[in-house]
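Nothing here was measured: the structure is a model prediction, and the numbers come from that model.
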There are 2 protein chains.
Amino acid sequence: MAKKTRVSIAVVRRLPRYHRYLEELLKKGVKRISSKELSEIMNITASQIRQDLNVYGGFGQQGYGYNTEELYKKLSEIIGIGKTYNMIIIGAGNMGQALANYPNFEKYGFKIIGIFDRNPKMFGLKIRDVEIMDVDKIGEFVRHNRVDIAIICVPSENAQKVADKVVEMGIKAIWNFAPTDIDVPDDVVVENVHLSDSLLSICYRMNEDDLFKKLGKK
Amino acid sequence: MAKKTRVSIAVVRRLPRYHRYLEELLKKGVKRISSKELSEIMNITASQIRQDLNVYGGFGQQGYGYNTEELYKKLSEIIGIGKTYNMIIIGAGNMGQALANYPNFEKYGFKIIGIFDRNPKMFGLKIRDVEIMDVDKIGEFVRHNRVDIAIICVPSENAQKVADKVVEMGIKAIWNFAPTDIDVPDDVVVENVHLSDSLLSICYRMNEDDLFKKLGKK
DNA sequence: TAGATTGTTAATCGATTAACAATC
DNA sequence: TAGATTGTTAATCGATTAACAATC
C-alpha cells in the first residue's frame with residue numbers, strides 16, 4: 001500500500017489550488033486577502049480555507065486577513081516548492097514525450113534528467129536535450145544520478161514491473177500514467193493520472209440524467 | 001458552476017475503477033466474484049462495493065456473488081460506454097497532440113473528429129487522419145458536426161475564452177487540461193486534469209514528514 | 001476605540017463501515 | 001437443507017460548515 005498522508009488527502013489536494021490562486025492574486029498586485037474574499041473567488045467556504053491553513057499554522061491576522069505574498073510563500077514551503085526535483089520518464093510514447101516536452105514543470109523546480117524506452121530505434125534521440133536511453137539501463141542511471149520521481153508512461157502490462165524496478169532502486173515517488181493501479185511499499189508516494197477513468201467519469205456525468213430516468217421507470 | 005452529479009462524486013469516481021477491474025477479471029476468465037474477493041483485489045471494503053453498486057440496482061445474488069460478465073455489462077451501461085462520443089481538441093501543443101495520438105480512447109467509443117489551433121503553420125497538418133484547423137473555425141465546425149466533448153489544451157490565459165466559446169456552441173462537456181479553473185453554466189460537465197496540481201501533491205507528500213518535524217519543533 | 005476577520009471549538013452533514021435478516 | 005453472500009439498515013467515522021470569543 002502506497003504512502004498515506006498525515007493530513008487528510010482532501011486538504012492536501014486543495015493545497016496546490018490555493019497556491020495557484022495566491023499566485024494569480026500576487027500577479028494582479030493584490031496585497032491582502034481575507035478568507036471570505038478568497039472563498040468567493042475559489043467557490044469554497046471561508047471556513048474551509050481557515051481550517052485548511054490552520055493545519056499548518058496561523059498565517060493570518062485578525063481584522064486584516066492574509067498577506068498575499070506571505071501566504072503564497074508559506075504555501076510554497078508547505079508543498080515543498082523551491083527545491084529541485086529530478087525526474088525520469090519511463091516510456092517514450094505519446095504521453096512520455098508530451099510530458100518531456102511540457103515546459104510548465106521546470107518553473108517549480110521539476111527537472112527531467114532521463115527518458116527510457118524499450119524500443120532500440122529511439123535510443124540516442126533527444127527530447128529537449130535529454131537523451132532517450134535503454135530501459136534496461138535505468139538501474140545504472142539511478143545509481144549515478146539522484147532521481148526523486150519516476151514517471152511511468154508504459155503500457156499497463158508493464159507498469160507493475162517498472163514500478164517494482166524503480167522502487168528497488170530506491171526511488172520514493174511515482175507518477176503513474178499507466179491505466180492501471182500499481183502496488184508499492186508504504187513508504188513510496190504514488191500519484192495516479194488515470195486519463196481513461198477521467199474520461200469515463202465525463203461520460204457518466206453526461207448520461208446520468210438519462211440513466212436515472214431509465215432506473216426510475218423500472 | 002459546473003454540473004453536479006446526483007450520486008456522490010466519490011462513488012462516481014470509483015465506477016471506472018470497478019469497470020477496469022471487472023474487465024481484468026473477465027479477461028482472466030473469472031466467471032463469478034463476491035464483494036469480499038473483489039474488495040481484496042481492489043483494496044477497499046466489501047461493504048463499500050455493495051453500497052456503491054446498490055445505488056444503481058441489485059446486480060448480485062445471495063449466496064453466490066456477482067456474475068462477472070453481467071456486472072461488467074451493467075457497469076458499462078451505467079457509465080454510458082457503448083455509444084460513440086465525438087470529441088474535438090482545442091490547442092495542438094504537446095498535450096493536445098499526445099491526446100490526439102492516444103489510441104486507448106477509441107476502444108470505449110471516444111473519437112477525435114477535429115483539432116484546432118491558433119498557429120497558421122499547423123493548419124492542414126494531420127494527426128491520425130484528423131486535420132488541424134483554425135481555432136476561429138470551431139463555430140462553423142460544431143454547427144456541421146455533432147461534438148459531445150471539447151478537450152481544452154490551450155495555455156491557461158486562453159482557457160476561459162475557449163470554454164465560453166464551446167459552451168456558446170452548445171457543447172455540454174469539457175475535459176480541461178489547462179492549468180486553471182474554468183467557469184461554465186451548471187448544465188455543463190467539466191472534468192479537470194490539472195497535471196501541475198497532481199505533481200505538486202507528490203511534492204507535498206514527499207516532504208510531509210520533514211514538514212511536520214519542522215512544525216513540531218516550533 | 002470600533003470594526004473586521006482570524007483561529008478554533010462545536011454542530012452538522014455526508015460518506016464509510018459494520019451488522020444482520022433475507023434469500024439464493 | 002446448510003452455507004454463503006447479498007441488499008439494506010444502523011452505527012461510526014471523518015470532513016465540512018457554523019459560530020463566536022479572541023484580537024489585530
Between A/Glu70 and A/Lys74, does at least one N-O distance fall below 4.0 Å, as a salt bridge requires?
-> no

May I ask you to list the residues of residues 17-29 of chain B, by number, that have any heavy atom positioned under 4.0 Å from an atom of DNA chain D?
-> none

Residue of the set B/Arg20, B/Arg17, B/Arg13 for which side chain to side chain donor-acceptor pair (under 3.5 Å) holds with A/Asp197 = B/Arg20

Say whether B/Asp148 and B/Asn86, considering side chains only, have a donor N or O and an acceptor N or O under 3.5 Å apart.
-> no

Contacting residues from residues 42-53 of chain B, given that a heavy atom lies under 4.0 angstrom of DNA chain D | B/Arg50, B/Gln51

Got a salt bridge between A/Glu191 and B/Arg205, using NZ or NE/NH1/NH2 to carboxylate O under 4.0 Å?
-> yes

Inspect the surroundings of NZ in B/Lys3 and state if more than 12 heavy atoms from other residues, nucleotides or ligands are less than 6.0 Å away.
-> yes

In chain order, what residues pass the ring-ring contact (aromatic ring centres under 6.0 Å, His included) check against A/Tyr66, with sequence neighbours excluded?
-> none

On the 0 to 90° scale, with breaks at 30° and 60°, tag the B/Phe105-B/Trp175 ring pair as parallel, tilted or perpendicular.
-> perpendicular

Kindly say whether the aromatic ring centers of A/Tyr85 and A/Tyr108 come within a distance under 6.0 Å.
-> no

Check B/Cys153 against B/Gly91 and note the closest heavy-atom contact, atom names and distance.
-> CB-O, 3.5 Å

A/Tyr21: what forms a ring-ring contact (aromatic ring centres under 6.0 Å, His included) with it, not counting sequence neighbours?
-> none

Taking any atom under 4.0 angstrom from a heavy atom of chain B, which nucleotides of DNA chain C are the first and last to qualify, 5' to 3'?
-> C/dA15 to C/dC24

Secondary structure of DNA chain D in dot-bracket form (Watson-Crick or G-U wobble, distances below 3.5 Å, | marking inter-strand pairs) | ..||||||||||||||||||||||

Contacts of A/Gln61 and A/Val11 projected onto DNA chain D by closest heavy atom; the upstream (5') one is A/Val11

Would you kindly say whether B/Gln160 and B/Asp164 are connected by a side-chain donor-acceptor distance under 3.5 Å?
-> yes

When you look at A/Lys107 and A/Glu23, which way does the salt bridge (Lys or Arg N to Asp or Glu O under 4.0 Å) test go after all the steps?
-> CA-CA 13 Å; A/Lys107 166 174 153 194; A/Glu23 193 174 305; 3.0 Å; yes

